[in-house]
Amino acid sequence: MACLLAASPYTFPLQPHNLDSNSTEKSTEEWLFSSLKSPKTPTQLKTLHAHIIKTNFTQNDLVFGQLLLCCSISNSMHYASRIFAKIHHPKLFFYNAMVKGYSETGAHQEAIQIYSLMRSRSVFCDSFTFPVVLRSISSLGMIGVGEELHGLVMKTGFDARVIVQTALIDMYCACGLPNSARLIFDRIPDRDVICWNTMIAGYIKCGKFSKARELFERSPVKNVSSWNTLVDMYCKCGDIEIARQLFDEMPEKDIISWNAMISGYAKIGECEAARRLFEQMPKRNVVSWNVLITCYVHKRQFSDALELFRMMQVSDVKPNEVTVVSVIPACAHLGALDLGQWIHAYINRNRIKMDVYVNTSLIDMYGKCGSVEEARGVFDNAKVKDTFLCNTMIEVLAMHGRAEEAFGIFMYMRSGGFKPNDVTFIGLLKACSHVGMVDTGVKYFRMMKEEFGLTPKVEHFGCMVDLLGRAGHLQEARELIKNMPMEPTSIVWGALLSACRIHGNVKLAEEVALHLLDLEPQSCGNYVLLSNIYSKAGRFDEAVELRKMMKEKGVKKKPGCSSIEVNHVVNEFFAGDRAHPQCKEIYEQLEKMVKRLKAEGYVPCITSALHDVDMDEKEQTLVHHSEKLAVAFGLLSTDHRTPIRIVKNLRVCDDCHIFMKMVSKYYDRQMVVRDCSRFHHFSDGSCSCSDYW
DNA sequence: CTAGGGTTAG
């Protein structure tokens, strides 16, 4: 993992002092024009802008329009719009540059606004304007604007241009009207390959696969793209065999053909097949890497994904914003904060575009790695915000029990015009349940229906059961399940069972467990939970009985696994694991810790041990729980002031929770433990969850 | 025209 640090430095070709050269105006203009073709920092844009004005290049629309375009590739459309707003009589080229800039940065709404501005100022659009605007219309599916534009195109005589007609075909298909598109298609006398391919792709977008195939067969002008389109189609509709057949028999392949096929395997989770093709392909580009990395992330093979990212760094392909969006969730799941922070710095160092996707994944990563402050920092600095980004921030705050701040984000959404969706409310309800705000939760549950017209899904009922149950309203929670409009899932019952554990209600737990064991008889978590409820109530016989039942049904206990990151290396520990190279030291350290804490009054809480064994052995099993191994390792290998951050795949058990509290006190260490449902921040003998988890 | 990206209940 240390190799990740070997990133190549990226120096910017244009430094501001270069602008003071004494070259003649003519060559400066050429130089200026060419230098406007690569991305610039805001300061560089400003300097260039001043330079253009000073040398009167405003007269030359090519240079000025290029500046506006340069703003867009520099991710500075807001700067472009400021410049644009100051121009009294923009030339057509400036409008076009603005429309193109917005369209290419995904600001389709703004692109269409510029188009409307042109219409209201009676500026005549040209054959450059139409396809670009049509692209934005397609993205937004604004069929009304599209049809109006269609009429305009016919009036202005641009309808003779294949390129404009093709854009119209694409627009109609994107708006779900393939038949209207086909009418245009059939009337075009000089159809080229792109035109044919657009119509084929249009059918695919509308789900008309057989029509697409039919047209492909009829097309007299097939090129690689036509084949690629079809290969991609079969990958998307799950017919990987046919896709592969086409891939194998196509007359020539380009990099896209390979990527499409690899992506097909990636989509169905066939990492190995994807990997084989990846290794076979003659040349790889950034997309090839991204597809494969994403495939591993989706298969939850996070370490493999990170390993690929590392390999990519030493290859000749530079990672881009899509790459980091694929890699960051791997850090999030592993709880690898250092690595996540490193990638964040890497993004800045390499001028990778910080778009809304990157920011969302960063917020999620910081949250899941226990650093709410950094998550908040990314949120506040994000230039573009959307519903996803806000939802993620709410979810992070909820996870850490910071309900009021989560509500604050929700208020921000409402005032900023970001439409809350069903996920928003999952976050809000979760925030309420972690701090026991029952009334507020009920308020949000009502609000989502009454004010936002969102129908609660089973997920929302799950949150509500959790909210009521945790707060001790077990019967109300039970009633809610009875009255749900849909069948309760195992997760809903699971929420109630957890609540029974917190409040020690064995009777209800038994009823709930019946449903659970019926729904998912092979899931070990339910047996463990019920067994712990029995043990806690002193009913050990029943706990043992349950253990037997597990054995009979062949249910394997999922091994507990905790990971801790030290020096960019993620160290994984399983319960009783002896695989770590420093195993001996770790076990010695753990023994010392137990001794010391026992002297301070620690009594192992053996009810947490499920195993049907004698007392001593129970204690041994407890001592070797994965999170204890991770803590011992953390104490051994980190500086006194470094907080120990641990990620666990299961719920923390009672004993480990007590143990952690005592370690935080007697070893004077901050500890942040993420279990499968929330965070525990241990400090000076207590936990942020107030023993309510 | 064709390949890659973000949030979600125990």
Side-chain angles (χ1 to χ4, degrees), chain A residues 166-167 169-170 173 192-202 204-205 223-233 235-236 254-264 266-267 285-295 297 320-329 332 355-365 367-368 386-396 398 421-427 429-430 433 456-467 469-470 489-499 501 512 516 523 525-526 529 651 675-678 693:
Chain A
T166 306
I169 291 173
D170 185 50
C173 290
D192 59 5
V193 209
I194 297 180
C195 187
W196 277 92
N197 290 351
T198 306
M199 194 61 235
I200 294 170
I204 297 173
K205 270 181 211 148
N223 62 4
V224 205
S225 305
S226 330
W227 286 84
N228 290 345
T229 306
L230 222 64
V231 167
D232 180 51
M233 173 184 93
C235 287
K236 280 197 176 116
D254 62 6
I255 204 156
I256 295 179
S257 331
W258 287 88
N259 288 345
M261 198 60 231
I262 293 174
S263 154
K267 275 196 190 75
N285 66 6
V286 64
V287 177
S288 329
W289 286 93
N290 293 348
V291 174
L292 202 60
I293 292 175
T294 314
C295 183
V297 173
N320 64 4
E321 65 278 4
V322 179
T323 318
V324 297
V325 171
S326 313
V327 173
I328 293 170
D355 63 18
V356 63
Y357 288 86
V358 174
N359 283 322
T360 306
S361 63
L362 280 173
I363 293 170
D364 181 56
M365 181 276 293
K368 289 207 174 99
D386 69 2
T387 302
F388 265 60
L389 187 103
C390 295
N391 287 352
T392 307
M393 192 65 236
I394 290 176
E395 157 68 21
V396 164
N421 61 15
D422 54 329
V423 180
T424 315
F425 285 94
I426 289 175
L429 293 176
K430 202 166 153 184
S433 88
K457 295 188 186 167
V458 65
E459 286 90 340
H460 301 93
F461 282 95
C463 290
M464 288 306 286
V465 168
D466 185 47
L467 172 71
R470 272 174 199 271
T489 59
S490 60
I491 293 180
V492 177
W493 288 116
L496 190 54
L497 190 62
S498 296
R501 188 199 72 93
V512 173
L516 269 170
S523 161
N526 303 323
L529 203 51
R651 198 178 269 273
D675 73 9
C676 61
S677 77
R678 61 169 300 156
W693 85 93

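As the structure is a prediction and not an experimental result, all values here were calculated from the model. Numbered from 1 within each chain, the chains take letters A, B, ... in sequence-line order.
- Atom C1' of nucleotide dT8(B) and atom CG of Asp466(A) are separated by 14 Å, given to the nearest angstrom.
- Partners of Phe461(A) under the ring pair (Phe, Tyr, Trp, His ring centres under 6.0 Å) rule, at least two apart in sequence or in another chain, are Phe445(A).
- If you check every strand for non-hydrogen atoms under 4.0 Å, Asp192(A) touches nothing.
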*If the sugar-phosphate is the primed atoms plus P, OP1 and OP2 and the base is the rest, what is the B/S/- string for nucleotides 2-7 of chain B, using protein heavy atoms under 4.0 Å?*
BBBBBB
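- Between the side chains of Thr323(A) and Asn320(A), a donor-acceptor pair is found at a separation under 3.5 Å.
- The residue Val193(A) sits apart from the nucleic acid: no heavy atom pair falls under 4.0 Å.
- The side-chain heavy atoms of Asn259(A) and Asn285(A), taken from C-beta on, include a pair separated by under 4.5 Å.
- Within 4.0 Å of Thr166(A), counting heavy atoms only, lies no atom of the nucleic acid at all.
- Between the side chains of Asp466(A) and Ser433(A), at least one donor-acceptor pair of N or O atoms lies under 3.5 Å.
- What separates CG of Leu496(A) from C1' of dA9(B) is a distance of 14 Å, to the nearest Å.
- Atom CG in Asp422(A) sits roughly 8 Å away from atom C1' in dT8(B) (whole-Å rounding).
- For Asp422(A), the side chain to side chain donor-acceptor pair (under 3.5 Å) partners two or more places apart in sequence, or in a different chain, are Lys457(A).
- Distance, Trp493(A) CH2 to dA9(B) C1': 16 Å, rounded to whole Å.
- Between Arg470(A) atom CZ and dA9(B) atom C1' the separation is 11 Å, expressed in whole Å.
- Of the N and O atoms on the side chains of Ser226(A) and Asn223(A), at least one donor lies less than 3.5 Å from an acceptor on the other residue.
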